2 protein chains.
Amino acid sequence: MTSVPTPPWRKSPKPVKQQLSQALIVETGLRILDSEGLDALSMRRVAQELGTGPASLYAHVSNKDELLELIYDLILGEIEVGEPDPANWKAQLRAYALESHQVLGRHADVARAAMSSVPTGPNALRLGEYMMSLLISAGMDPRDASFTVDRLSLYIAGDAFEGSLHFARMRAQGLNDRKEYIRNFVGQIKDYYQSLPPEQFPMLTTYVDELTDPDGEQRFEYGLDLMIEGMAARMK
Amino acid sequence: MTSVPTPPWRKSPKPVKQQLSQALIVETGLRILDSEGLDALSMRRVAQELGTGPASLYAHVSNKDELLELIYDLILGEIEVGEPDPANWKAQLRAYALESHQVLGRHADVARAAMSSVPTGPNALRLGEYMMSLLISAGMDPRDASFTVDRLSLYIAGDAFEGSLHFARMRAQGLNDRKEYIRNFVGQIKDYYQSLPPEQFPMLTTYVDELTDPDGEQRFEYGLDLMIEGMAARMK
DNA sequence: ACCTGAACACCGTTCAAGT
DNA sequence: ACCTGAACACCGTTCAAGT
């Protein structure tokens with residue numbers, strides 16, 4: 001195999017190496033997170049992907065936590081919201097919750113950052129502004145609206161985080177089919193509950209089927225509606 | 001310094017070294033968790049505390065995740081419940097939620113295990129049985145009861161987990177006063193929100209005070225009541 | 001200002017060897 | 001069966017040195 005000389009018209013071939021920048025680091029982090037999960041996302045791994053050493057990242061990002069928060073806000077950018085319509089606040093709030101939940105679910109492992117982060121990124125601000133204006137224009141008291149936004153956000157992030165823990169466990173077992181993993185997992189709990197002494201655990205043994213419903217989306221919506229109905233009860 | 005011979009009546013002095021056992025490992029883990037936080041809880045640290053090497057633990061505990069789950073169920077043992085009283089289900093459910101929340105808060109860092117764990121430990125079973133019997137005796141449909149138990153547990157663990165993340169951050173900064181840390185932290189967000197352009201963020205800038213209420217307990221109760229009222233609305 | 005190699009002080013887990 | 005030392009394959013972060 002002979003090596004070809006670079007042709008003369010391609011002058012001063014730029015160094016292959018890309019310039020480092022915060023945006024580049026964050027994007028690389030997101031890519032790793034999505035394809036290999038939170039456990040794989042390390043400063044060293046990001047650096048490797050960018051062809052450099054881990055120390056180089058610290059010129060653009062102060063530590064791993066900050067990197068995670070930046071990735072988190074990047075993801076929040078995927079959530080789109082429209083104009084608040086006071087007459088439809090319930091449906092709009094519900095739609096918002098479902099969409100955020102979906103977006104967080106799509107990037108499973110960022111959910112942890114969602115729980116620890118302070119809402120100061122540009123997208124977090126945008127979404128906070130949206131939720132507040134929706135609830136307040138619907139007639140909710142500002143204090144109630146603030147608490148509601150806080151609690152709803154916690155619920156969404158909490159459910160997504162729980163999901164991400166299952167997802168990580170699945171990956172640790174070398175499995176890939178999310179549906180099948182859940183079915184299997186739930187099946188094991190079912191067997192266990194069924195094997196319990198009915199005298200001591202009459203409820204758990206009687207209602208095994210209800211307790212081991214594998215439909216996570218349905219469970220999420222159930223809790224969401226519980227909260228929304230609670231809000232409605234408080235407003236009228 | 002002369003060494004004293006062991007007196008003859010103290011026969012066959014047992015080796016000073018304690019026997020390893022799962023219970024001992026779990027207790028040691030809990031002690032480290034409570035006094036130094038999740039970050040400090042490593043297999044190596046537990047082993048060190050017991051005067052041995054990390055490999056020794058693997059004869060009693062299959063991995064770190066299992067250790068965390070065992071610690072978690074040990075902690076759940078602190079939650080006491082009485083007899084379900086159908087006429088008072090709202091108050092009892094509320095009291096249960098507050099107590100679990102308190103117990104998890106006391107052992108801040110176990111909350112992560114609370115979110116990932118499958119409810120199969122003896123105490124998790126006991127508490128699941130209690131919640132189910134409370135809701136069902138109050139007239140709730142079994143399916144609703146199951147979903148409610150699941151969602152309420154998630155909410156409690158989620159809030160505790162969020163709290164533990166703040167706690168960890170505090171410790172990482174070398175601080176010790178929880179109250180002061182929160183005040184400080186909230187103050188910073190307040191300043192930031194106040195500095196935002198009001199045209200772009202009318203809600204966030206107008207309702208800074210409501211949005212930065214530092215009382216975490218009040219926020220927890222707010223969300224709890226939202227859910228309980230949602231349940232009540234569904235039952236009647 | 002930005003980047004780097006090398007080092008520091010850690011991890012969880014495995015494995016062959018011991019008792 | 002239980003315990004061990006040593007090793008493997010990793011971490012996040014710092015720091016002095018380079019450009």
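These figures come from a predicted structure and were not determined experimentally.
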For this session: Write down the distance between CE (B/Met43) and P (C/dC10), rounded to a whole number of angstrom.
Result: 18 Å

For this session: Report the distance from atom CD1 of B/Ile32 to atom C1' of C/dC10, rounded to the nearest whole Å.
Result: 15 Å

Problem set entry | Residue A/Arg44, side-chain heavy atoms: nucleotide from C/dG12, D/dT13, D/dT14 that is nearest | D/dT13

For this session: Ignoring backbone atoms, test whether A/Ser56 places a side-chain nitrogen or oxygen under 4.0 Å from the OP1 or OP2 oxygen of C/dT4.
Result: yes

Problem set entry | Complement of C/dG5, any strand, by Watson-Crick or G-U distances under 3.5 angstrom | D/dC15

Exercise. Is any NZ, NE, NH1 or NH2 atom of the basic residue among B/Glu36 and B/Arg171 found under 4.0 Å from an Asp or Glu carboxylate oxygen of the other?
Worked result: no

Problem set entry | Opposite nucleotide pairing with D/dC10, Watson-Crick or G-U, both atom distances under 3.5 Å | none

Exercise. Mind checking whether A/Asn123 and A/Glu78 have side chains closer than 4.5 Å, heavy atoms only?
Worked result: no

For this session: Calculate the interatomic distance between B/Leu57 atom CG and C/dT13 atom P; express it in whole Å.
Result: 10 Å

Exercise. In whole angstrom, what separates A/Leu67's CG from D/dT13's P?
Worked result: 10 Å

For this session: For C/dA1, take OP1 and OP2 only and decide whether either is under 4.0 Å from a side-chain N or O of A/His60.
Result: no

For this session: Write down the distance separating the P atoms in D/dA9 and C/dA9, rounded off to the nearest Å.
Result: 23 Å

Seminar exercise, completed: Rounded to whole Å, the CZ-P distance (A/Arg45 to D/dC11) equals 9 Å

For this session: Could you list all the side chain to side chain donor-acceptor pair (under 3.5 Å) pairs where at least one residue sits in residues 152-165 of chain A, not counting sequence neighbours?
Result: A/His101-A/Asp159, A/Tyr155-B/Arg151, A/Asp159-B/Arg151

Exercise. Between D/dA16 atom C1' and A/Tyr58 atom OH, what is the distance in whole Å?
Worked result: 17 Å

Problem set entry | Side-chain ion pair, B/Arg106 and B/Asp34, N-O less than 4.0 Å | no

Problem set entry | Interatomic distance, B/Gln48 CD vs C/dA9 P [rounded to whole Å] | 15 Å

Exercise. D/dC10 phosphate, OP1 or OP2: any side-chain N/O from A/Ser42 under 4.0 angstrom?
Worked result: no

For this session: Counting heavy atoms from C-beta on, name the nucleotide in C/dC2, D/dG12, C/dG5 closest to the side chain of A/Ala55.
Result: C/dG5

For this session: Give a yes or no on whether a salt bridge exists between A/Glu27 and A/Arg31, defined as a side-chain N under 4.0 angstrom from a carboxylate O.
Result: no

For this session: Would you kindly give the CD1-to-P distance between B/Ile25 and D/dC3, to the nearest whole Å?
Result: 8 Å

